[in-house]
Number of protein chains: 2
Amino acid sequence: MTRTPHADWTDSFQGTRALPREVRDRLLKAAHTRRFRKGTEVFGPHNIPDSLFFLLQGSIRVVQTAGNGRDIVLYRVDAGESCVLTTACMLAEEAYNAEGIAETDLTVITLPRADFDRLTAEEPCFRDFVFAAYSRRLIDLLRVVNDVAFARMDMRLAERLLLLAGRDDSLAATHSQLASELGTAREVISRLLHDFQKRGFVAQSRGRIDIADRAALRAMAQAG
Amino acid sequence: MTRTPHADWTDSFQGTRALPREVRDRLLKAAHTRRFRKGTEVFGPHNIPDSLFFLLQGSIRVVQTAGNGRDIVLYRVDAGESCVLTTACMLAEEAYNAEGIAETDLTVITLPRADFDRLTAEEPCFRDFVFAAYSRRLIDLLRVVNDVAFARMDMRLAERLLLLAGRDDSLAATHSQLASELGTAREVISRLLHDFQKRGFVAQSRGRIDIADRAALRAMAQAG
DNA sequence: CGGCCAAGCGTGACAATGTCACCGACGCGC
DNA sequence: GCGCGTCGGTGACATTGTCACGCTTGGCCG
């Protein structure tokens, strides 16, 4: 609980923790700390960082934005993970329209590209870390494709409510925000939540959902 | 047009073409050639190869399979590309349900994992090749998510017909297969094709679609 | 040849989801 | 209190998914 919790941030990451002391010291010199306020765009089509991001504190919501104003959340980057989509898009010059938004205030370690290259070349365990990060995102996206293409909306909503609530019995979210999570329209969420409420699974107030029957939601998330 | 067109396969790939001669010779020793017949499963949940695949000839269709028997095509791996999803899934031990199917007879170069690791460590241009391959797949998947979540089915079908037809005016595909391409049900394809036919965009016969009005399909693929 | 059978396709009825238009309720600043 | 923007509710309709069924085609086999 020090004033500078990232004094040695290399302790916080799988891929850097196991590195030899001298390499870690080199990293500490090369990297910079950067902060983002909640709600800020961390990266986007018009804002591609030239460094690799290590997320020390907070979480980033990665969303895909459609032409007509609809969104869908692809995945979240949590503390201790790195954000590879940005590096992906640094390499592939293709068009894409995903953006990362600070879901909380963030503390980020940025490692310049040259140092990143050097590290991947020299340190096998760091390389594994990077590949594992890519793999996790690929698999996250496979899951999104599967859900969007094949899963019922009530099931997806139930699952997402539980996820967003975490251990709490209540979560702050408007119907619009939930629609953005799942890539659907607000009206659909309103109708489903109305139904959940009638069945006693949740209670609603303006901008807030209370989980009333966690077991029932879990059952719905499993089976549809 | 030799009998052994892959005598030096390192010429066929971005990531290996630029390597020094001695590295390429080492690769030629380490790698093996493998063939798959059209329709064979190249990889899948129960069949994870322990090598990196370089696709020399043919193309692989990567599909995601849902529980209830429905499919969706995620992307295709063409000659000159490598198939990173398999390596992704070697690393991340998570469950996934994508599989690669030989769309034609294949000639594949397989590079054992140890040699792959060594190469990524030592050769920057190979490393770039691998990262670029990951990036391309990530972006392919972003496109799939976008289409499935937000695009109209008639638009997606028109686009896919043009893609599958290539330069030909005709393609061999059943309604079921087209449904698998787009992750929808056969009936939906049947209805849409019936409509396309009534409007004079295509003509149908059993297992075959003829493109009658390419411009109209293109227009539909653009705007919906 | 004739009959059987599986694959391919057509179709109607209904359910789930997306779209559009509109409205009321609530919270906030003036 | 009043105006105003965000949030949520609702009905009508379009699109897409699901289910059940039946017809046709082409191949295979007696």
Side-chain angles (χ1 to χ4, degrees), chain A residues 39 64-72 145-161 170-199 202-210 220-221 223-224, chain B residues 39 64-72 145-161 170-199 202-210 220-221 223-224:
Chain A
Q64 169 124 8
T65 308
N68 55 342
R70 261 169 64 191
D71 291 343
I72 185 170
V145 169
N146 202 69
D147 284 358
V148 172
F150 304 128
R152 293 175 51 95
M153 196 57 81
D154 51 3
M155 166 177 162
R156 293 175 59 205
L157 178 58
E159 184 180 33
R160 190 56 61 117
L161 288 176
S170 172
L171 66 144
T174 68
H175 294 189
S176 272
Q177 287 168 338
L178 291 171
S180 281
E181 289 279 332
L182 300 178
T184 183
R186 183 202 41 98
E187 295 92 319
V188 176
I189 300 294
S190 292
R191 281 197 287 251
L192 286 174
L193 280 178
H194 187 77
D195 188 55
F196 285 8
Q197 189 174 31
K198 249 187 353 197
R199 297 209 249 168
V202 303
Q204 297 186 65
S205 47
R206 192 184 178 88
R208 174 160 294 280
I209 317 279
D210 301 286
M220 172 166 294
Chain B
Q64 169 122 5
T65 307
N68 55 341
R70 261 170 63 192
D71 292 344
I72 185 170
V145 169
N146 201 71
D147 284 358
V148 172
F150 304 127
R152 292 177 52 94
M153 197 55 83
D154 50 4
M155 166 178 162
R156 293 175 60 206
L157 178 57
E159 184 180 32
R160 191 55 61 117
L161 288 176
S170 172
L171 67 144
T174 68
H175 294 189
S176 272
Q177 287 168 339
L178 291 171
S180 282
E181 289 281 331
L182 301 178
T184 183
R186 181 202 45 94
E187 296 92 320
V188 175
I189 300 293
S190 293
R191 280 196 289 248
L192 287 174
L193 281 178
H194 188 75
D195 189 54
F196 285 8
Q197 189 175 30
K198 249 186 352 194
R199 295 209 250 169
V202 303
Q204 297 186 66
S205 47
R206 192 186 178 85
R208 172 160 296 279
I209 317 279
D210 300 285
M220 172 166 292

Rounded to the Å, how far apart are [X] [atom1] and [N] [atom2]?
X        : N      : atom1 : atom2 : result
A:Ile189 : D:dC7  : CD1   : P     : 15 Å
A:Phe150 : C:dT17 : CZ    : C1'   : 16 Å
B:Met153 : C:dT17 : CE    : P     : 14 Å
A:Phe196 : D:dG8  : CZ    : P     : 16 Å
B:Leu182 : D:dT15 : CG    : P     : 18 Å
A:His194 : D:dG11 : NE2   : C1'   : 13 Å
B:Arg156 : D:dG17 : CZ    : P     : 8 Å
A:Asp154 : C:dA15 : CG    : P     : 15 Å

Any idea which of D:dT18, C:dA21, D:dA12 is nearest the A:Glu187 side chain?
C:dA21

Minimum-distance pair of heavy atoms, taken over all atoms of A:Ile72 and B:Ala149:
CD1-CB, 4.5 Å

Output a table of nitrogen or oxygen pairs between the protein and nucleotides 6-9 of chain C separated by less than 3.5 Å.
unit_1	atom_1	unit_2	atom_2	d
C:dA7	N3	B:Arg206	NH2	3.2
C:dG8	O4'	B:Arg206	NH2	3.4
C:dC9	OP1	B:Gly207	N	2.7
C:dC9	OP2	B:His175	N	2.8

Distance, nearest 0.5 Å, that separates [atom1] of [X] from [atom2] of [Y]:
X        : Y        : atom1 : atom2 : value
A:Asp210 : A:Gln197 : CG    : CD    : 10.0 Å
A:Leu182 : A:Arg70  : CG    : CZ    : 10.5 Å
B:Phe196 : B:Leu161 : CZ    : CG    : 6.5 Å
A:Asp154 : A:Arg156 : CG    : CZ    : 10.5 Å

Counting only side-chain nitrogens and oxygens, does B:Arg152 get under 4.0 Å of the OP1 or OP2 atom of D:dT15?
yes

Has A:Thr184 got a side-chain N or O lying under 4.0 Å from the OP1 or OP2 atom of C:dT17?
no

Result for 5'-nearest mapping on DNA chain D, choosing between B:Arg70 and A:Leu193, is A:Leu193

Pair B:Arg199, B:Met220 - check side chain to side chain contact (heavy atoms under 4.5 Å, CB included), show working.
CA-CA 12 Å; B:Arg199 295 209 250 169; B:Met220 172 166 292; 3.5 Å; yes

Under 3.5 Å, which donor-acceptor pairs do the side chains of residues 183-190 of chain A form with other protein atoms, sequence neighbours left out?
unit_1	atom_1	unit_2	atom_2	d
A:Ser190	OG	A:His175	ND1	2.9
A:Ser190	OG	A:Arg186	O	3.3

